[in-house]
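Please read the structure below before turning to the comments.
Side-chain atoms are counted along with the backbone in the values below, which use heavy atoms only and exclude waters and symmetry mates.
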Amino acid sequence: MSARGFGDLEAVVIERIWDRSEKTTVRELFDELARERDIAYTTVMSTMDNLHRKGWLERERVGKAYRYWPTLSREEYSARLMREALGSGGRSDVVLAHFVEQMSSEESEGLRAALRKLSRSKSR
């Protein structure tokens with residue numbers, strides 16, 4: 001399951017699902033999207049089915065419908081994108097140096113905190 005490659009509608013659908021705290025049905029997501037754009041129920045249904053087949057959504061049958069939820073959180077997805085970029089961007093040490101140079105002071109402190117936490121958990 002590569003992190004890249006969401007189509008435009010797939011990106012909209014996965015973002016909406018990430019924004020929810022509960023599992024959702026095609027009908028629930030369709031009703032939300034239909035208030036904002038001209039879209040067919042079957043388009044939402046096939047998009048959610050595609051995301052399921054690609055491994056981005058899990059589902060369970062409830063009556064005649066499915067309830068869907070993401071297999072990764074938004075943050076886990078972002079981390080996977082970062083990992084793929086690091087692995088395909090040339091020398092990882094140089095890529096990381098350029099990445100860190102672009103961080104804000106808050107992001108830099110967040111990175112230091114995450115590294116400290118990881119270091120503590122590995123030393124146990």
Side-chain angles (χ1 to χ4, degrees):
M1 166 170 79
S2 172
R4 299 180 201 187
F6 284 139
D8 290 341
L9 186 55
E10 287 177 335
V12 168
V13 167
I14 197 75
E15 286 288 337
R16 297 295 176 102
I17 291 174
W18 277 329
D19 288 342
R20 296 170 184 273
S21 59
E22 302 289 324
K23 298 173 183 177
T24 191
T25 64
V26 172
R27 171 59 61 190
E28 291 165 341
L29 196 58
F30 166 75
D31 289 345
E32 182 180 317
L33 292 171
R35 287 191 292 270
E36 302 167 13
R37 60 171 65 195
D38 185 27
I39 192 164
Y41 177 88
T42 54
T43 301
V44 177
M45 182 175 63
S46 63
T47 301
M48 291 173 76
D49 185 59
N50 288 342
L51 287 168
H52 174 260
R53 280 188 300 99
K54 291 178 179 181
W56 293 107
L57 296 178
E58 280 293 330
R59 69 183 181 192
E60 65 185 357
R61 186 174 282 283
V62 179
K64 293 183 178 182
Y66 285 106
R67 294 195 77 72
Y68 290 86
W69 66 94
T71 57
L72 297 176
S73 68
R74 181 181 277 119
E75 293 77 13
E76 290 168 324
Y77 168 74
S78 295
R80 185 171 285 182
L81 278 176
M82 292 166 66
R83 179 70 221 149
E84 286 184 12
L86 184 61
S88 65
R91 290 183 36 213
S92 60
D93 59 331
V94 176
V95 172
L96 280 171
H98 286 297
F99 179 71
V100 171
E101 286 174 357
Q102 297 174 36
M103 291 179 133
S104 69
S105 58
E106 294 83 21
E107 291 166 333
S108 181
E109 181 50 41
L111 176 59
R112 281 192 290 279
L115 289 171
R116 283 190 299 271
K117 182 179 177 183
L118 181 62
S119 178
R120 283 192 299 268
S121 68
K122 283 189 173 185
S123 65
R124 291 180 185 167

Worksheet, complete the sentence: Closest heavy-atom pair, L72 versus E76, reported as atoms and distance to 0.1 Å, is CA-OE1, 3.3 Å
Discussion item. Tell me if a side-chain donor or acceptor on T47 pairs with a main-chain N or O of T43 at a distance below 3.5 Å.
Written reply: yes
Worksheet item: Within the side chain of E28, is there an N or O that forms a donor-acceptor pair under 3.5 Å with the backbone of T25?
Response: yes
Discussion item. Testing the basics here: between L29 and V13, what is the closest heavy-atom pair and its distance to 0.1 Å?
Written reply: CD2-CG1, 3.6 Å
Worksheet item: Linking I/L/V/M/F/W/Y whenever any side-chain heavy atoms sit under 4.5 Å apart, do W69 and M45 land together?
Response: no
Discussion item. Could you measure the distance from the CZ atom of R83 to the OG atom of S78? Nearest 0.5 Å is fine.
Written reply: 15.5 Å
Worksheet item: How many angstroms lie between CZ in R112 and CZ in R116, if you round to the nearest 0.5 Å?
Response: 7.0 Å
Practice prompt. Show the numbers, then the answer: is there a side chain to side chain contact (heavy atoms under 4.5 Å, CB included) between V12 and E15?
Written response: CA-CA 5 Å; V12 168; E15 286 288 337; 5.9 Å; no
Worksheet item: Same hydrophobic cluster for L96 and L118, using side-chain heavy-atom links shorter than 4.5 Å among ILVMFWY?
Response: no
Response to the item:
Hits for ring-ring contact (aromatic ring centres under 6.0 Å, His included) against W18, two or more places apart or cross-chain, chain-then-number order -> Y77
Worksheet item: Would you say the side-chain atoms of E109 pair up with the backbone N or O of E106, donor to acceptor, closer than 3.5 Å?
Response: no
Discussion item. Just to verify, what does D19 make a salt bridge (Lys or Arg N to Asp or Glu O under 4.0 Å) with, not counting sequence neighbours?
Written reply: R74
Worksheet item: Between the main-chain N or O of E84 and the side-chain N or O of S88, is there a donor-acceptor pair closer than 3.5 Å?
Response: yes
Item to complete: I would like to know whether I14 and L57 meet side chain to side chain contact (heavy atoms under 4.5 Å, CB included); could you show each step before the answer?
Response: CA-CA 8 Å; I14 197 75; L57 296 178; 3.7 Å; yes
Worksheet item: Should L111 and L86 be counted in the same cluster of Ile, Leu, Val, Met, Phe, Trp and Tyr side chains packed under 4.5 Å apart?
Response: no
Worksheet entry | From CG (L51) to CD1 (I17), nearest 0.5 Å | 6.5 Å
Worksheet item: Between atom OG1 of T71 and atom NE2 of H52, what is the distance when rounded to the nearest 0.5 Å?
Response: 9.5 Å
Item to complete: Go through E10 and K54 one step at a time and tell me if the salt bridge (Lys or Arg N to Asp or Glu O under 4.0 Å) criterion holds.
Response: CA-CA 11 Å; E10 287 177 335; K54 291 178 179 181; 2.8 Å; yes
Item to complete: For Y41, check ring-ring contact (aromatic ring centres under 6.0 Å, His included) against everything at least two apart and list the hits.
Response: F30
Discussion item. Applying side chain to side chain contact (heavy atoms under 4.5 Å, CB included) to M82 and F99, what does each step give before you reach the verdict?
Written reply: CA-CA 10 Å; M82 292 166 66; F99 179 71; 3.7 Å; yes
Discussion item. Go through it in stages, so that I can follow the logic: the residues are R37 and L9, the test is side chain to side chain contact (heavy atoms under 4.5 Å, CB included), and I'd like the CA-CA distance, side-chain angles, deciding distance and then a yes or no.
Written reply: CA-CA 11 Å; R37 60 171 65 195; L9 186 55; 3.7 Å; yes
Fill in: Trace of the salt bridge (Lys or Arg N to Asp or Glu O under 4.0 Å) decision for D31 with R35
CA-CA 7 Å; D31 289 345; R35 287 191 292 270; 6.0 Å; no
Worksheet, complete the sentence: For E60, the salt bridge (Lys or Arg N to Asp or Glu O under 4.0 Å) test, sequence neighbours excluded, returns K23
Discussion item. Minimum heavy-atom separation for E107 and M103, please, with both atom names.
Written reply: OE1-CA, 3.4 Å
Response to the item:
For Y66, the side chain to side chain contact (heavy atoms under 4.5 Å, CB included) test, sequence neighbours excluded, returns R59, R61, Y68
Practice prompt. Apply salt bridge (Lys or Arg N to Asp or Glu O under 4.0 Å) to E32 and list each qualifying residue two or more places apart in sequence or on a separate chain.
Written response: R16, R20
